[in-house]
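Worksheet: one structure, shown below.
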Number of protein chains: 4
Amino acid sequence: MNLLSKTKKKSLKPVNYRQKIMDAAIRVFARKGYNDTTMIDVARAAKVGIGTLYNYFKNKDELLISSADKTIETELGKIRKICEKQADPMDRMETYFIQHAMLLKENPHIARFLVSQLRQSEGFFERNPEFNPLRHYVNFVKELFETAKESGRIKDVDTKALAIMVIGSMDMLICQ
Amino acid sequence: MNLLSKTKKKSLKPVNYRQKIMDAAIRVFARKGYNDTTMIDVARAAKVGIGTLYNYFKNKDELLISSADKTIETELGKIRKICEKQADPMDRMETYFIQHAMLLKENPHIARFLVSQLRQSEGFFERNPEFNPLRHYVNFVKELFETAKESGRIKDVDTKALAIMVIGSMDMLICQ
Amino acid sequence: MNLLSKTKKKSLKPVNYRQKIMDAAIRVFARKGYNDTTMIDVARAAKVGIGTLYNYFKNKDELLISSADKTIETELGKIRKICEKQADPMDRMETYFIQHAMLLKENPHIARFLVSQLRQSEGFFERNPEFNPLRHYVNFVKELFETAKESGRIKDVDTKALAIMVIGSMDMLICQ
Amino acid sequence: MNLLSKTKKKSLKPVNYRQKIMDAAIRVFARKGYNDTTMIDVARAAKVGIGTLYNYFKNKDELLISSADKTIETELGKIRKICEKQADPMDRMETYFIQHAMLLKENPHIARFLVSQLRQSEGFFERNPEFNPLRHYVNFVKELFETAKESGRIKDVDTKALAIMVIGSMDMLICQ
DNA sequence: TATGAATGAGGATTCATTCAT
DNA sequence: AATGAATGAATCCTCATTCAT
């Protein structure tokens, strides 16, 4: 009986509050932006008490940073894994574009969150100058271009600028 | 004597408060973003009293909207005028790119203001759904492309999407 | 008519908000202590809006400090003036005791405020280590004793310690 | 074996949580004051869980009251016992002063706790009107004086007021 | 008409207390 | 019985907006 009850309880959802909160935060931040998102908004979206937010994140800034980092890591990880299956640099680039587009289409709120957090209030960036969640993403795209360039398949260009422009293009398309 | 002094003052400077305020607002909004800009910030930058802001603009939202519209109108007007001097569609496009780049370089705060206000919180857009200062700008670029397309000089593409992508690329480049 | 209306308005109470707020603050702090006094309490007692408090005092700490300083200055000033009328040191000391007792009796809330703020939370003192409103008061009593000592009327004692003890005695009597 | 180990543990240390918590509480309250002391502070100082505090004390107020009462009882008990060894009232008084001074010097945190908790916010006293940990202490000193008075060794005075003043003097000296 | 002091709704954060384990 | 994560009421403070001068 002991064993049973334990099993029961475990199957009864050992809530991962940290993840639950970040998931909610991403959704709300994506929809309303940093400034218009209140901690109460996040708490309600995550269905937890306000105080609980502060058990897992020191303050609102840290909640945004953690959520952004986690999201980038997760989503970029998925795309990277799929791209790596392609041996040919050009195929890899193509796969990336497709995956990126799919991400934008299927998880618009995540996409919006990723690309739009850049334009946060300067207040936030003054407090957190090191924060740039897109850095890893830009780097990934840049690497894609570099591999393609080395293979002689695309012309000599500033791959970083190109990466930024590509992401920027997609970003703007989403917003409009 | 009374009359004279009055005349003198008027001829000395018929202050255009509305314009003065918008000029200041653009600078401050561009630097700090919508949410981190207080009405006091704007009043101080414009060297007017807070109350004066409300004599010319209903509220903070309207101040942003008016400032953005006015800026787009002014800057776009300048660029348009220069572009129209070019008869050939391709020259016109080239001229546009150069002018746009110059605007970004010489008035970074205006550029930043124009391209970054788009990403306002949904809160702002929910309150002002009709607000899209870039609309005119996008349309202008779109027209450029269409003229070029009609002349057979560029391939058949979704000109609007292209316009958005071009602007988005530039935007992202500025931010990074 | 102009003159009249001006006179009228002036007589119509040109409210001194700063003073009004400090008066209220002293009363409330004296009754409830620093920690249990909320800014809303003070605002209500002063019959002003909460925001008004912050137009005159940077924060709650500064409100307490200003109120305490002002009170000491005012009350000590009164007592000092009366004492100075006495030429003889012993008469002066006696006058002081009487005045102090009168202060305690007639304005118990001020008295309580003066003598009890010393025991504030250490949190407050850690933030404001230089704050010691009783310093001036202790010094005044100390000087009284010194004058008396010089005149040979009282024995050789540590006048500062004596001053502190006297004030402490009265303080404790009030509290009980 | 079970029995043995149990016995061992018990004899090793039958933890008295209640006492352990009060000891910690006194230290922390004395150092930080009632309001700046959090239940977590106390729990950490006592090396117990937060929940444990609530198994032994209904709430924070009761924890303070119990700690104060217990301390007074203990310390006063010690001093009383030593004083009682003196047959002569004057010697007894002298012994008391020495003991009190020693307590202040050797356990400043206890001393501070005893004498400073009196000045709690009225909020606390409104909730706990019966709370006056110094009552017993004042009574003890008062009795000392009365015995001395009866023996004709000191003049006729209000012994209670005298007791209060003496304690107040010492209190103020500690604070400064 | 320009002004800025007064205002209070709203938001981030803390912490005593509860309760499931 | 001990524990500590979850909770939300309560508090300080900001800032858009109003209005009397």
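Letters A, B, ... are given to chains in the order of the sequence lines, protein chains preceding strands, and every chain is numbered from 1. Note that the coordinates shown come from a computational prediction; the quantities given were computed from them, not determined experimentally.
For the pair C:Phe57 CZ and E:dA5 P, the interatomic distance rounds to 15 Å; values are reported in whole Å. F:dG4 atom P lies 17 Å from atom OH of A:Tyr17, rounded to whole Å. Atom CZ in A:Arg18 sits roughly 15 Å away from atom C1' in F:dA5 (whole-Å rounding). For D:Asn16 and F:dA1, the CG to P distance is 14 Å, given to the nearest whole Å. Rounded to whole angstrom, the span from the CD1 atom of D:Ile40 across to the P atom of E:dA16 amounts to 8 Å. Atom CZ of B:Phe29 and atom P of F:dA16 are 9 Å apart (whole Å). Distance, C:Lys20 NZ to E:dA6 C1': 11 Å, rounded to whole Å. Regarding D:Asn35, its CG atom lies at a distance of 11 Å from the P atom of F:dT11, rounded to whole Å.
Taking for each of B:Thr52 and C:Thr52 the nucleotide of DNA chain E with the nearest heavy atom, the 5'-most of the two is the partner of B:Thr52. Checking A:Gly51 against D:Lys47, the closest nucleotide of DNA chain F that is more toward the 5' end is the one next to D:Lys47. When the nearest nucleotides of DNA chain F are assigned to C:Tyr54 and A:Val48 by heavy-atom distance, the more 5′-ward of the two goes with A:Val48.
The phosphate of E:dA6 (OP1 or OP2) has a side-chain N or O of C:Asn55 nearer than 4.0 angstrom. Considering only side-chain N and O atoms, D:Thr38 lies nowhere under 4.0 angstrom from the phosphate OP1 or OP2 of E:dC15. The side chain of D:Tyr56 contributes an N or O atom lying less than 4.0 Å from OP1 or OP2 of F:dA2.
Computed from C1' positions of five pairs at each end, the angle between the two local axes of the helix from E:dA2-F:dT21 to E:dT21-F:dA2 equals 0°, rounded to 10 degrees.
Annotation for A:Arg44: atom CZ does not count as buried by contact number, only 12 or fewer foreign heavy atoms lying within 6.0 Å. For A:Lys70, the NZ atom sits in a loose shell: 12 or fewer heavy atoms of surrounding residues, nucleotides or ligands are nearer than 6.0 Å.
Listed nucleotides F:dC12, E:dT7, E:dA16 differ in distance to C:Lys60; the shortest reach to its side chain belongs to F:dC12. In this structure, of F:dC12, F:dG4, F:dA9, it is F:dC12 that holds the atom nearest to the side chain of C:Met39. Looking at the side chain of B:Ile50, the nearest of the listed nucleotides F:dG4, F:dT17, F:dA9 is F:dT17.
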message: What verdict does the side chain to side chain contact (heavy atoms under 4.5 Å, CB included) test give for B:Leu63 and B:Tyr56, after you've listed the backbone C-alpha separation in whole Å, the side-chain angles of each residue and the deciding distance to 0.1 Å?
response: CA-CA 9 Å; B:Leu63 175 56; B:Tyr56 292 92; over 6 Å; no

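Between the side chain of B:Lys60 and the main chain of B:Thr37, a donor-acceptor pair closer than 3.5 Å is present. In terms of modelled atom types and a separation under 3.5 Å, the side chain of D:Thr52 and the main chain of D:Val48 share no donor-acceptor contact.
A side-chain donor-acceptor contact under 3.5 Å links A:Asp41 and A:Thr38.
Once rounded to the nearest 0.5 Å, the distance linking CG of D:Asp23 with CG of D:Asn16 reads 9.0 Å.
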